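Each chain gets a letter, A, B and so on, in the order its sequence line appears, and its residues count up from 1. Just so we're clear, the structure is a prediction, and the values are computed from it rather than from any experiment. All heavy atoms count here, side chains included; hydrogens, waters and symmetry mates do not.
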There are 2 protein chains.
Amino acid sequence: MTPDSLMPKNFNISSIKASCSSCGLRELCLPVGLDEQEIKALDHLLNQRHRIRRGEHLHRAGLDFHSLYAVRSGFFKTYVLQEDGREQVTGFHMTGEVLGLDAISTDMHTCNAVALEDSEVCEIPFVKLEEIGRTIPSLMHHLHKIMSREIVHDRGMLLLGGMKAGERLATFLLNLSYRFAKRGYSPLDFNLRMTREEIGSYLGLKLETVSRALSRLQEDGLIDVNSKHIRLTDIGRLRRQTGNSFCE
Amino acid sequence: MTPDSLMPKNFNISSIKASCSSCGLRELCLPVGLDEQEIKALDHLLNQRHRIRRGEHLHRAGLDFHSLYAVRSGFFKTYVLQEDGREQVTGFHMTGEVLGLDAISTDMHTCNAVALEDSEVCEIPFVKLEEIGRTIPSLMHHLHKIMSREIVHDRGMLLLGGMKAGERLATFLLNLSYRFAKRGYSPLDFNLRMTREEIGSYLGLKLETVSRALSRLQEDGLIDVNSKHIRLTDIGRLRRQTGNSFCE
DNA sequence: CGAAATATTGAAGTTATTCAACTGGAGTGG
DNA sequence: CCACTCCAGTTGAATAACTTCAATATTTCG
């Protein structure tokens, strides 16, 4: 154990060296499918891990782009502020997902990212990632897959356009369920980290409509709502509710 | 001139060697910012140019992914078929834009792409592109920009969620206007290549609502509609109509 | 030219929004 | 510990927006 006296006075717990080698999340994150040696090379480019407290911003629209951020733990929302000051939520992001991909096109962040709970991210300097990617083709290819997956996901949101409120909510819940499952959490029982208003903004509905739609799904016996806690009591019927589209 | 007799009997005009060097579109397309030598290298990976007639498909959902396609001329729409057989339009694509980016993530096309007018595309085998990208960093970086731009665009579509029909239409028209302008066409005067139904599907509206919203914008003196021909008569007011968001 | 597809418009019906009242839980300070 | 406040969420009633159905007009294309 390092004696306290040897630690810098205000040692910043919020920024320590990151390492993919020792990270339990590699199977979800950037290093998917790399061998030990490649992961070691990748470690060299990750400068640090940052702790972001609930309510703190990871980046803001308009700021210069330097790094992608892999979510190590926690939960983020991204949003843009419109002219009139209203906030439009553009996404929710959980463990193993990569933030900042939108900023590559203009070298500037196009949205704000805020932590909805205490979180940790790994910073991935993009210039270095491209450099190292040249020598590790599978890493580069995986970056392409991640970006492509993002495109597929965002495009899938268009399907909401043709749906009614209940269908949108069902789709949203099933997508969350799917993502939780992939991370080893229960797909049938989870807590929402966002408010009704944020859900509504994301889905193109007003918060009252979200609330009503949730109540309705509950009445119909498809889900159990307890403020932020959701239980999917009939996932089959919930799927049918959506027209089966885009639950991933 | 090659005598006719030397040409194969049914020589396929629809598939000739492509070349970025001699393409007038490079400033819009993949080779942006490359020098002469890099472009020559790029030429080696482009096998061919394809002619796609109006109504023909460039690719279909479910097919194996091999190549990206750069639109050389013409106009495409991408769409997915839902369970119930309804068609959901996921995008419109014009000269200089790249199709197929969604397919990278799963090595399978996730949508159908059909030409809305006689078109030409350059086929870009993706494996080769990644290969050559390793030796031309600026090419690789530009691919990343293109993918990122796609993410930004798709995410911008979420802003439609909070808008009324008229605002959605205005946003849509301004986005088209912007893209036409970038290609040297008039930003104030253009022809729609798609039907009202396709617009509606894309924007999350019914075709009748699209029609009404267009009529309304015309009544209000913001645009001039003549079936598929559109003139933006007051682009300033049209911009204000959208809440100024996402016209690119 | 004529058939089929596309577009417009009206009226009725549905769905979502708005406005408003009220509930419940988390956090604060007396 | 309780009262108080603030914020998130729920619910009802009235209104606005979009959709549906239907009739008609226009355009497109073989």
Side-chain angles (χ1 to χ4, degrees), chain A residues 53-55 77 84 86-89 114 116-118 160-173 191-220 223-230 241-243, chain B residues 53-56 75 77 79 84 86-89 114-118 160-173 191-220 223-230 241-243:
Chain A
R53 254 178 254 290
R54 175 196 162 96
K77 92 174 167 194
D84 54 13
R86 283 185 312 116
E87 164 182 319
Q88 168 69 51
V89 174
V114 64
L116 294 186
E117 60 184 42
D118 291 353
L160 295 180
M163 294 183 186
K164 306 208 182 306
E167 301 171 329
R168 293 189 196 199
L169 253 300
T171 304
F172 176 71
L173 293 175
N191 283 297
L192 301 174
R193 320 289 152 106
M194 70 294 282
T195 66
R196 305 287 193 261
E197 186 165 19
E198 288 165 335
I199 296 173
S201 173
Y202 185 55
L203 298 179
L205 300 169
K206 294 296 162 190
L207 71 96
E208 296 94 330
T209 309
V210 171
S211 186
R212 275 186 256 271
L214 285 173
S215 301
R216 188 70 211 284
L217 289 174
Q218 179 163 240
E219 273 175 46
D220 295 350
I223 65 176
D224 233 61
V225 187
N226 245 306
S227 72
K228 303 243 176 189
H229 182 248
I230 303 284
Q241 180 84 211
T242 67
Chain B
R53 254 177 253 290
R54 174 196 165 97
E56 285 180 354
F75 203 91
K77 92 174 168 192
Y79 67 97
D84 53 14
R86 285 184 313 116
E87 163 182 320
Q88 168 71 49
V89 174
V114 64
L116 294 186
E117 60 184 43
D118 291 354
L160 295 180
M163 294 184 187
K164 306 210 179 308
E167 301 171 328
R168 292 189 196 197
L169 252 301
T171 304
F172 176 70
L173 293 176
N191 283 296
L192 301 174
R193 321 289 152 105
M194 70 293 283
T195 66
R196 305 288 193 260
E197 185 163 21
E198 289 164 335
I199 297 173
S201 173
Y202 186 55
L203 298 179
L205 301 169
K206 293 297 162 192
L207 72 95
E208 295 95 330
T209 309
V210 172
S211 185
R212 276 187 255 269
L214 285 174
S215 300
R216 187 71 211 285
L217 289 173
Q218 179 163 241
E219 273 175 45
D220 295 351
I223 66 175
D224 232 60
V225 187
N226 244 304
S227 73
K228 303 242 173 181
H229 183 251
I230 304 283
Q241 179 85 210
T242 67

Q.
Around atom CD of Q218(A), are there more than 12 heavy atoms from other residues, nucleotides or ligands closer than 6.0 Å?
A. yes

Q. How about T195(A) and L207(A): do any of their side-chain heavy atoms sit closer than 4.5 Å?
A. no

Q) Are side-chain heavy atoms of I230(B) and V225(B) found at a separation under 4.5 Å? A) yes

Given atom [atom1] of [X] and atom [atom2] of [N], what is their separation to the nearest angstrom?
X       : N       : atom1 : atom2 : answer
R216(A) : dT11(D) : CZ    : P     : 13 Å
E208(B) : dT14(C) : CD    : P     : 16 Å
L214(B) : dT6(C)  : CG    : P     : 16 Å
M163(A) : dT15(C) : CE    : P     : 16 Å
I199(A) : dA8(D)  : CD1   : P     : 13 Å
L169(B) : dC18(D) : CG    : P     : 10 Å
H229(A) : dG9(D)  : NE2   : C1'   : 17 Å
L192(B) : dT6(C)  : CG    : C1'   : 13 Å

Q: Check A170(A) against L217(A) and note the closest heavy-atom contact, atom names and distance.
A: N-CD1, 4.3 Å

What nucleic acid atoms does [X] come within less than 4.0 Å of, heavy atoms only: base, sugar-phosphate, or nothing?
X       : answer
G204(B) : sugar-phosphate
S215(A) : sugar-phosphate
T209(B) : base
R168(B) : nothing
L205(B) : sugar-phosphate

Q: Looking only at side-chain atoms of S227(B), point me to the closest of dC29(D), dT27(D), dT8(C).
A: dT27(D)

Using a cut-off of strictly less than 4.0 Å, decide whether [X] has a side-chain nitrogen or oxygen near OP1 or OP2 of [N].
X       : N       : result
K206(B) : dC21(D) : no
R212(A) : dA16(C) : no
K164(B) : dC18(D) : no

Q: Evaluate side-chain contact (heavy atoms from CB on, under 4.5 Å) for L169(A) paired with L205(A), printing each intermediate quantity in order.
A: CA-CA 10 Å; L169(A) 253 300; L205(A) 300 169; 3.9 Å; yes

